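A quick write-up on the structure given underneath.
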Amino acid sequence: MSKRIMNEVMNLAEDNKLKIYYQDTDSMHLEEKDIEILQQKFNEKYNRELIGKGMGQFHSDFDLKGANDVYASRCIFLGKKSYIDELKGIDSEGKIKTGYHIRMKGIPNSCIEYTSKLLGLNNPFELYEKLMNGEQVSFDLTEGGKKANFEFTKDYKIITKTDFTRNIKF
């Protein structure tokens with residue numbers, strides 16, 4: 001059913017020349033100005049509401065604590081389930097607040113942030129720029145031994161891993 005809903009939305013966007021920059025099993029990135037057009041066309045064609053929190057509906061999962069009117073100011077899409085959005089929003093004092101919406105399959109967000117700091121980068125967006133430019137990045141999934149990772153053996157033993165590194169290159 002999720003594939004059917006995604007195809008309905010993608011085909012409708014394509015039919016109306018609305019650009020989708022990234023799509024996955026349950027998400028997509030498109031320009032904010034196109035959301036209302038897509039919602040209206042979807043309602044006309046399928047007699048269903050596209051935007052909402054119910055099953056089969058879409059909503060933004062951009063979250064920037066203490067900020068409203070949150071949007072992605074720039075994005076890097078490396079591959080399926082591997083992207084970053086630099087978020088901007090307005091705080092209660094009217095100031096622009098910046099944050100990140102991070103996804104990388106197999107690498108927890110805390111590990112991405114840890115690796116960014118370990119490499120002396122200003123933010124995780126710079127890490128994604130390195131990956132976008134073809135650099136290999138090693139991620140210590142134990143975060144310097146602060147995060148537990150376990151191995152389950154065939155003889156039902158559970159071993160705490162002291163070294164767990166993933167080397168990523170796109």
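The residues of the chain are indexed from 1 along the displayed sequence. These numbers come from the heavy atoms of this one structure, side chains and all, not from hydrogens, waters or symmetry mates. Please read these numbers as outputs of a predicted model, since none were measured by experiment.
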Exceeds 12 heavy-atom contacts within 6.0 angstrom, atom [atom1] of [X]:
X: Glu32; atom1: CD; value: no
X: Lys161; atom1: NZ; value: yes
X: Lys41; atom1: NZ; value: no
X: Asn133; atom1: CG; value: yes
X: Ile159; atom1: CD1; value: yes

Where [X] and [Y] come nearest, the two heavy atoms and their spacing:
X: Met6; Y: Asp24; answer: CE-O, 3.0 Å
X: Thr165; Y: Ser138; answer: CG2-CB, 4.0 Å
X: Pro124; Y: Ser116; answer: CA-OG, 3.3 Å
X: Gly79; Y: Phe170; answer: N-CE2, 4.4 Å
X: Gly106; Y: Pro108; answer: O-CD, 4.0 Å
X: Ile20; Y: Ala13; answer: CD1-CB, 3.8 Å

Between [X] (side chain) and [Y] (backbone), is there a donor-acceptor pair under 3.5 Å?
X: Asn16; Y: Leu18; answer: no
X: Tyr22; Y: Lys80; answer: no
X: Gln57; Y: Glu49; answer: yes
X: Arg166; Y: Ile107; answer: no

[X], [Y]: one ILVMFWY side-chain cluster at the under-4.5 Å cut-off?
X: Leu118; Y: Leu127; answer: no
X: Leu131; Y: Leu141; answer: yes
X: Met1; Y: Phe58; answer: yes
X: Met132; Y: Leu121; answer: yes
X: Ile37; Y: Tyr71; answer: no

Side chain to side chain, [X] and [Y], heavy atoms closer than 4.5 Å:
X: Phe77; Y: Arg103; result: no
X: Lys97; Y: Lys95; result: no
X: Glu113; Y: Ile102; result: yes
X: Lys3; Y: Glu8; result: no
X: Glu151; Y: Lys157; result: no
X: Ile90; Y: Ile96; result: yes
X: Val70; Y: Asp63; result: no

Please report the interatomic distance [atom1]([X]) to [atom2]([Y]), rounded to the nearest 0.5 Å.
X: Ile5; Y: Phe42; atom1: CD1; atom2: CZ; value: 7.0 Å
X: Phe164; Y: Phe150; atom1: CZ; atom2: CZ; value: 12.0 Å
X: Ile76; Y: Ser82; atom1: CD1; atom2: OG; value: 12.0 Å
X: Ile112; Y: Asn123; atom1: CD1; atom2: CG; value: 12.5 Å
X: Lys81; Y: Met104; atom1: NZ; atom2: CE; value: 14.0 Å
X: Lys146; Y: Ser110; atom1: NZ; atom2: OG; value: 11.0 Å

Practice problem: May I ask you to decide if the ring planes of Phe125 and Tyr100 are parallel, tilted or perpendicular, using 30° and 60° as cut-offs? | Solution: tilted
Are [X] and [Y] linked by a side-chain donor-acceptor pair shorter than 3.5 Å?
X: Glu36; Y: Gln40; answer: no
X: Tyr83; Y: Asp85; answer: no
X: Thr142; Y: Lys147; answer: no

Quiz item: Taking the six-membered ring for Trp, are His29 and Tyr21 ring centroids under 6.0 Å apart?
Solution: no
Quiz item: Is the closest basic N to carboxylate O distance between Lys19 and Asp34 below 4.0 Å?
Solution: no
Quiz item: For Thr160 and Asn149, what are the C-alpha separation, side-chain angles and deciding distance, and is it a side chain to side chain contact (heavy atoms under 4.5 Å, CB included)?
Solution: CA-CA 6 Å; Thr160 302; Asn149 282 275; over 6 Å; no
